[in-house]
Amino acid sequence: MISNIKYKILNIKFLRIGYLVLVVGLFFYSFTQVDLNLTLSRWSVWVVIQKYFQHIGYFQRPLSTVLYIAIILLLYIFYFLFLRLAIIGKIRGIWGLIVATTVILALSYNAFSYDLFNYIFDAKIVTFYHQNPYEHKALDYQYDQWTNFMRSTHRVYPYGPVWIGLTIPLSFLGFNIFLLTFYLFKTLIAASFLGTVYFLKKIIDYSKIQNAWYGITLFALNPLVLVESLVSAHNDTVMMFFAVLALYLLVKKSYVFAFTFLAVSIGIKFATILLLPVFIYIAIMQVKNKTIDFKRIFMIIFILMCAAVVITSFASGMNKNPEIQPWYFLMILPFASLIVGKRIVVVLTFFVSIAMLASYLPFLLTGEWPKDIVDLKVRLLIYSIGIAVFLSVISAKGLYASIRNILK
């Protein structure tokens, strides 16, 4: 009996080690996508290393694509196994795993998006050029070397005033040194990711409606979340941190701080304004000392953020067609962890996130986005939802039970 327990503990330990090795693989892979116009360091050894990685990403695209597919698929296999351990209550060291993953990927290159560069330059317009980013764009400073490796230099600042307020201090502390500024921004977003995980756990513990570790694992180890939050470093992560923090403070009846931090979240990227009616409802119910059905509340929040993704997609789309971006789902996934009791939500989370990461394959393979990329993303999303619904229906008794028995 004792030897069997030790064997299981040892297996879990090797599982964690294997996972972290894979995360390190994702870290290294990210540098295959370093823009050809960007040199992260002038150190001669690093220049050689960077060129080697870039050669894989830009001139050996089939190999690069295969590496990406292998890393992502293996991440999902580990993700599935960790979810299984969380379900049966045998997951150990999850916090250490999450923190280690965060540290490793916070040091990665923003491989799958140029948005981080725009965040950095928006703040630089204020701190270095002393201009208003709502009126000036990066293209106005095309003599600046940082614009050589940027995209969307034609647009003015599109976010709320809170985001520029959060990033201006980082720009000052960066002293116009790109690499220092780059990692200061990534640190902010990585810290927001950890904060989101922490307060999700607190909310689940307080509401006592589900397996807390299952919910945390569903969000924190989701490969889409890791790629879009920690690798690509989208500001949606910071927006959701303040929304989750506000929700935690609300359930703890700290109303002033709750609505203040919700306002901060809204002031970053606006989408979380859809949560305001729910916050008001919860506050009224608590003041009247009435019982709150948190399962229903969390489901409503989840649905509202799904609506936020739809609205955002149409708002950013071209010719009235939705422009679905993988990082938009960062608005949904934190709240999915609060309703893991709904099997359909878990299955949808799994397959939709796979579909969104698969949408990068055409670019990795060819070096450019195909003309039908919008339609492709829509099809991937529809197919993933269809598969998830189908599996959820047929697994209610038979297939789901069979898989669980196999994994026991």
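Basis for what follows: all heavy atoms, side chains included, without hydrogens, waters or symmetry-related copies. Residue numbers count from 1 along this sequence.
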Quiz item: How about Ile273: does its CD1 atom have over 12 heavy atoms from other parts shown lying under 6.0 Å from it?
Solution: no
Exercise. Return yes if some donor-acceptor pair links the side-chain N/O of Thr366 with the main-chain N/O of Glu368 below 3.5 Å, else return no.
Key: yes
Quiz item: Donor-acceptor pair, Tyr58 side chain versus Gly367 backbone, under 3.5 Å?
Solution: no
Quiz item: When you check the gap from the basic side-chain N to the acidic O, do Asp144 and Lys124 get nearer than 4.0 Å?
Solution: yes
Exercise. Would you sort out whether Lys269 and Thr312 count as a side-chain hydrogen bond (donor to acceptor under 3.5 Å, both in side chains), showing the intermediate values?
Key: CA-CA 10 Å; Lys269 213 173 175 182; Thr312 303; over 6 Å; no
Exercise. Find the distance between CG (Leu376) and NZ (Lys371) and round it off to the nearest 0.5 Å.
Key: 15.5 Å
Quiz item: Nearest 0.5 Å, what's the CG-CE distance between Leu38 and Met150?
Solution: 12.0 Å
Practice problem: Could you check Thr147 against Leu139 for side-chain contact (heavy atoms from CB on, under 4.5 Å), going step by step and ending with a plain yes or no? | Solution: CA-CA 7 Å; Thr147 62; Leu139 198 59; over 6 Å; no
Quiz item: About how many Å separate CG of Leu73 and OH of Tyr68, when rounded to the nearest 0.5 Å?
Solution: 9.5 Å
Practice problem: Could you check Thr181 against Phe175 for side-chain contact (heavy atoms from CB on, under 4.5 Å), going step by step and ending with a plain yes or no? | Solution: CA-CA 8 Å; Thr181 308; Phe175 300 108; over 6 Å; no
Quiz item: So how far is it from Leu224 CG to Ile354 CD1, rounded to the nearest 0.5 Å?
Solution: 10.0 Å
Practice problem: Could you give me the CA-CA distance, side-chain angles and deciding distance for Ser113 and Ser232, then say whether side-chain hydrogen bond (donor to acceptor under 3.5 Å, both in side chains) is met? | Solution: CA-CA 6 Å; Ser113 172; Ser232 295; 5.3 Å; no
Practice problem: Would you give the length of the straight line joining atom OG of Ser359 to atom CZ of Phe112, rounded to the nearest 0.5 angstrom? | Solution: 10.5 Å
Quiz item: Can Leu20 and Leu97 be said to form a side-chain contact (heavy atoms from CB on, under 4.5 Å), step by step?
Solution: CA-CA 8 Å; Leu20 288 178; Leu97 191 68; 3.8 Å; yes
Self-check item: Backbone N/O of Leu250 and side chain of Gln286: donor-acceptor pair under 3.5 Å
Solution: yes
Exercise. Classify the angle between the aromatic ring planes of Phe178 and Phe117 as parallel (below 30°), tilted (30 to 60°) or perpendicular (above 60°).
Key: tilted
Quiz prompt | Non-hydrogen atoms of Thr217 and Ala86 that approach each other most closely | solution = OG1-CB, 4.0 Å
Quiz item: What are the two closest heavy atoms between Leu40 and Leu179, and how far apart are they?
Solution: O-CD2, 3.5 Å
Quiz item: With a 4.5 Å heavy-atom cut-off, do Leu247 and Phe279 have their side chains touching?
Solution: yes
Self-check item: Side chain Lys377, main chain Ile324, donor-acceptor under 3.5 Å
Solution: yes
Quiz prompt | Residues Arg379 and Asp375 bridged, charged N to O under 4.0 Å | solution = no
Quiz item: Between Lys51 and Trp46, is there a donor-acceptor pair closer than 3.5 Å when you use the side chain of the first and the backbone of the second?
Solution: no
Quiz item: Can you check whether Gly57's main-chain N or O pairs, donor with acceptor, with Thr32's side chain at less than 3.5 Å?
Solution: no
Practice problem: Look at the aromatic rings of Phe350 and Tyr79 and report parallel, tilted or perpendicular, splitting at 30° and 60°. | Solution: parallel
Quiz prompt | Within 6.0 angstrom of Gln131 CD, more than 12 heavy atoms from elsewhere | solution = yes
Quiz item: Does Lys201 make a cation-pi contact with Trp213, if we ask for NZ or CZ under 6.0 Å from the ring centre and within 45° of the axis?
Solution: yes
Quiz item: Between the side chain of Tyr248 and the main-chain N/O of Ala243, is any donor-acceptor distance below 3.5 Å?
Solution: no
Self-check item: Electrostatic pair Lys202:Asp205 at N-O distance under 4.0 angstrom
Solution: no
Practice problem: Check whether any side-chain heavy atom of Thr349 lies under 4.5 Å from a side-chain heavy atom of Asn222, and answer yes or no. | Solution: yes
Quiz item: How about Tyr129 and Tyr141: are their ring centroids closer than 6.0 Å?
Solution: yes
Practice problem: Report yes if some heavy atom in the side chain of Tyr206 is under 4.5 Å from a heavy atom in the side chain of Lys252; otherwise report no. | Solution: yes
Quiz prompt | Minimum heavy-atom distance Ile204-Leu338, with the two atoms named | solution = CG1-CD2, 3.6 Å
Quiz item: Taking the six-membered ring for Trp, is the centroid-to-centroid distance between Phe31 and Tyr29 below 6.0 Å?
Solution: no
Quiz item: Between Asp122 and Arg155, is there a salt bridge with N-O shorter than 4.0 Å?
Solution: yes
Self-check item: Separation between CD of Gln325 and NE2 of His234, rounded to the nearest 0.5 Å
Solution: 8.0 Å
Exercise. Please name the pair of heavy atoms, one in Leu22 and one in Phe78, separated by the smallest distance, quoted to 0.1 Å.
Key: CD2-CD1, 3.8 Å
Exercise. Give a yes or no on whether the backbone of Arg151 and the side-chain of Asn118 come within a donor-acceptor separation of less than 3.5 Å.
Key: yes
Quiz item: Which atoms form the tightest heavy-atom contact between Thr237 and Ser229, and what is the distance?
Solution: OG1-OG, 2.9 Å
Exercise. Give the ring-plane orientation class for Phe28 versus Phe53, where under 30° counts as parallel, over 60° as perpendicular and anything between as tilted.
Key: parallel
Practice problem: Let me see the working for Asn235 and Tyr119 under side-chain hydrogen bond (donor to acceptor under 3.5 Å, both in side chains), right down to the final yes or no. | Solution: CA-CA 8 Å; Asn235 61 0; Tyr119 305 156; 3.2 Å; yes
Exercise. Kindly assign one of parallel, tilted or perpendicular to the pair Phe82 and Tyr19, based on the angle between their ring planes and the thresholds 30° and 60°.
Key: perpendicular
Self-check item: Sidechain-backbone polar pair: Thr187 side chain, Tyr183 backbone, donor-acceptor under 3.5 Å
Solution: yes
Self-check item: Nearest heavy-atom neighbours spanning Met240 and Leu330
Solution: CG-O, 3.3 Å
Exercise. Would you check, one step at a time, whether the test side-chain contact (heavy atoms from CB on, under 4.5 Å) holds for Leu226 with Phe193?
Key: CA-CA 9 Å; Leu226 299 181; Phe193 167 77; 4.3 Å; yes
Practice problem: Answer with yes or no after comparing the ring centroid distance for Phe121 and Phe128 against a 6.0 Å cut-off, counting only values under it. | Solution: no
Practice problem: Check whether any side-chain heavy atom of Arg42 sits under 4.5 Å from a side-chain heavy atom of Val47, and report yes or no. | Solution: no
Quiz item: Any side-chain heavy-atom pair from Thr153 and Lys137 closer than 4.5 angstrom?
Solution: no
Quiz item: Under 3.5 Å, is there a donor-acceptor pair between the side chain of Ser254 and the main chain of Leu249?
Solution: no
Practice problem: Answer with yes or no after comparing the ring centroid distance for Trp163 and Phe270 against a 6.0 Å cut-off, counting only values under it. | Solution: no
Quiz item: How about Pro326 and Tyr360: do any of their side-chain heavy atoms sit closer than 4.5 Å?
Solution: yes
Quiz item: Going by the angle between their ring planes, with limits at 30° and 60°, are Phe242 and Phe261 parallel, tilted or perpendicular?
Solution: parallel
Quiz prompt | Leu200 and Pro334, any side-chain heavy atoms less than 4.5 Å apart | solution = yes
Self-check item: Beyond-backbone contact of Phe241 with Leu245, side-chain heavy atoms, under 4.5 angstrom
Solution: yes
Using atom types as modelled, flag every donor-acceptor pair under 3.5 Å from a side chain in residues 297-307 to any protein atom, sequence neighbours excluded.
none

Quiz prompt | Over 12 foreign heavy atoms within 6.0 Å of OH, Tyr198 | solution = no
Self-check item: Centroid-centroid distance, Phe351 to Tyr383, less than 6.0 Å
Solution: no
